[in-house]
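Notes follow the structure.
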Amino acid sequence: MGRGRARQDLHLRAEQVRVSRLTRLLESEKALAAALLAPGVAILVIFIAYPFVMALWYSLTSIRVGDPGHFVGLDNFTKALNDLIFQQAFKNTVFYTFWATIFKLALGMWLALLLNRSFRFKRIVRASMLLPFIIPTVLSAFAWRWMFDPTFSVMNWALYHGGIITDRLPFLSSGDWAMWCAVLVNTWRGMPFFAITLLAGLQTISPDLHEAAALDGANAWHRFWNVTWPLLLPVTLVVVVFSVIQTFSDFQLIYVLTGGGPANSTHLIATYAYQIGVGSGLLGEGAALSLFMFPVLFAVVWVQLRYLKRMENG
Amino acid sequence: MAIVTIRDLNKKYENGFHAVKDVNLEIRDKEFMVLVGPSGCGKTTTLRMVAGLEEITSGEIRIGERVVNDLPPMDRDIAMVFQNYALYPHKTVFDNMAFGLQMRKYPKDEVLKRVRDAADILGIEALLERKPRQLSGGQRQRVAVGRAIVRHPQVFLFDEPLSNLDAKLRVQMRVELKRLHERLETTAIYVTHDQVEAMTLGTRVVVMKDGYVQQVGEPLVLYGQPANKFVAGFIGSPAMNFVDVSISGDGRHAETEGLRLNVPDRIRAHGGKRLTLGVRPEALRIANGSDEHGFATKVDVVEPLGNEILLNFRAGGAPMVARVDPGVRLKAHESVRFAVDPERLHFFDATSEAAL
């Protein structure tokens with residue numbers, strides 16, 4: 001019994017020594033920093049860096065499902081550049097990103113300015129603004145697909161019975177219409193993010209500045225251009241960068257809404273890369289296609305961040 | 001140059017808070033009128049109603065001959081200096097000052113001339129190309145004033161413009177503002193919670209409390225003949241000492257436990273009443289034993305300030321401060337006799353607090 005207790009004591013002491021050693025180790029700033037960084041770095045390496053490097057490697061090989069393939073140099077890339085559907089998808093992606101971002105910015109700004117006023121139930125309205133953003137894209141895209149459905153479209157039904165149209169509108173069955181519908185859904189989904197972020201930016205602008213401008217003789221429009229817009233520009237640029245990245249690499253919305261059709265008219269780089277890489281099993285070609293997004297996004301981010309930095313210094 | 005007339009001005013907010021109550025003021029041409037009072041007294045709200053930044057619930061404001069109640073701020077021909085300066089952070093000093101003129105479509109060379117003139121007056125010519133964040137507090141303050149004066153408005157409005165500056169700079173800017181006002185000869189309304197600023201800057205001073213005007217007058221009138229206990233206590237530093245007393249039946253003495261003072265003749269009629277007695281710290285002097293107006297007490301705390309000494313003590317159950325000559329050598333807990341001339345005593349009605 002006595003011996004057992006002695007052994008227990010010994011264990012306890014050993015434990016204490018170990019604990020204090022660990023404590024001492026963590027008290028060193030370098031060790032602590034490494035310990036705190038490790039999980040984040042691990043996640044980045046496993047889920048971002050490793051797939052990215054693998055994609056780089058795959059894009060240089062002829063790998064397909066069931067066949068490891070061999071090194072083919074830049075063949076996949078030259079093939080992509082000569083691929084008419086890819087050219088179409090690239091143009092679509094630029095079009096989709098450009099217009100969706102413009103609409104999201106304009107409408108988001110308008111909404112933010114409205115929400116920045118004081119009115120009854122302000123908080124509830126502000127919170128409900130975020131709904132489109134928090135509903136999973138796949139679900140909301142399905143809902144939109146039903147609303148655009150050639151046969152069951154509630155919008156066609158309403159317009160027809162309202163006496164506004166006599167023929168059904170080809171929401172998703174005409175190429176041009178389908179692209180604009182995709183832009184609309186993306187705008188609907190992304191606008192709250194713009195609105196809420198810009199609203200947060202608006203709230204940092206001191207009301208004194210607007211009062212000073214009003215005394216200086218500026219009307220609402222002048223106040224917007226001379227006070228609100230310039231002071232909001234840094235926030236605006238950050239939101240736009242985020243939005244461009246997300247929209248340019250969008251996949252879910254198109255995949256659910258149109259699947260890239262009709263006749264590839266709504267294919268984006270991401271959906272086309274998926275179709276080739278996963279759908280057809282041509283992993284190497286798919287990887288090469290998806291990598292075409294990278295230089296474009298990199299350029300956009302670089303230009304905008306540089307502008308941001310210059311503005312902060314100047 | 002203009003007279004500002006305020007008639008029966010009221011401000012009630014939607015939540016029911018009645019911030020400004022029946023304010024009547026006439027601010028004379030070229031006058032420097034200071035509104036002073038504790039926070040929440042309605043002084044800033046009054047100023048903002050003159051500026052047009054706050055809607056008027058009832059009453060009338062005239063600038064010159066015009067009723068401006070429903071005019072937007074830009075059409076009132078006024079300029080305002082804000083507490084936190086409200087400089088446009090992304091514009092240079094020049095553009096900050098020029099903005100109001102550009103909005104009013106002044107020709108370019110006129111804008112340039114006016115901004116240069118104002119910068120010259122304020123000594124900020126060298127800063128014109130800088131951005132506000134590259135300026136010190138005092139420089140920002142000057143730019144804010146510059147933005148107001150380039151417009152040559154009829155009235156300047158100042159909303160606690162010095163309260164963000166450190167004590168030393170505040171004294172310096174105070175003098176500069178006074179000099180500037182003498183030079184520009186423009187009507188000015190100035191809001192502050194600092195009674196020293198009010199006294200030093202104001203041609204006349206308006207003391208406000210709980211939305212009401214308590215007294216309007218020249219600084220020394222407010223100091224010497226306060227209308228009520230609030231004004232008496234608010235103006236002057238250290239504040240006036242107050243003690244509740246009973247007037248003897250014959251109306252010759254004010255009495256309370258451990259304190260018996262002769263009172264001036266005008267108080268005779270109040271014999272037998274309970275009143276509040278007020279005495280300024282500098283009205284108390286150290287007495288010799290034979291002084292008939294004296295009373296004995298014990299010094300509590302001594303505050304030697306260099307140019308004067310403040311002696312804290314208790315008399316008649318109330319804490320008091322006396323301001324005495326720096327030559328006086330007294331230590332804490334020493335006994336002392338103070339005396340005061342009856343004519344330098346103030347009396348206030350115990351309930352209405354009005355001066356008697």
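Only heavy atoms go into these numbers, but all of them, side chains included; no hydrogens, no water, no symmetry mates. Protein chains get the first letters and strands the later ones, always in sequence-line order, with residue 1 at the start of each.
In this structure the side chain of B/Pro72 never reaches within 4.5 angstrom of the side chain of A/Asn219, judged on heavy atoms.
The two residues A/Asp216 and B/Met103 make their nearest non-hydrogen contact at O-CB, 3.4 Å. Nearest heavy atoms, A/Ala214 versus B/Met74: O-CB, 3.3 Å.
The number of heavy atoms from other shown groups lying within 6.0 Å of CZ (A/Phe95) is above 12. A/Glu29 CD: 12 or fewer foreign heavy atoms inside a 6.0 Å radius. Residue B/Gln134 qualifies as enclosed at atom CD: its count of foreign heavy atoms under 6.0 Å is above 12. With a 6.0 Å radius and a threshold of 12 heavy atoms from other residues, nucleotides or ligands, B/Lys178 has its NZ atom above the threshold. By the neighbour-count criterion of 12 heavy atoms within 6.0 Å, atom CH2 of A/Trp99 is sparsely surrounded, having that number or fewer from other residues, nucleotides or ligands.
Of the atoms belonging to B/Tyr88, heavy atoms from both backbone and side chain fall under 4.5 Å from chain A. For a residue to count as touching a neighbouring chain, one of its non-hydrogen atoms must lie under 4.5 Å from one of that chain's; by this rule B/Leu157 does not touch chain A.
At a heavy-atom separation below 4.5 angstrom, chain B is approached by no residue within residues 112-126 of chain A.
Between chain A and the residues B/Arg151, B/Met80, B/Gln102, the largest count of heavy-atom pairs under 4.5 Å involves B/Arg151.
The structure places CZ of B/Phe99 at 11.5 Å from CG of A/Leu215, a figure rounded to the nearest 0.5 Å. Atom CD of residue B/Gln83 and atom CG of residue A/Asp208 lie 8.5 Å apart, to the nearest 0.5 angstrom. Expressed to the nearest 0.5 Å, how far CG of B/Asn84 lies from CG of A/Leu209 amounts to 7.5 Å.
The closest donor-acceptor contact from the side chain of B/His90 to the backbone of A/Asn226 lies under 3.5 Å.
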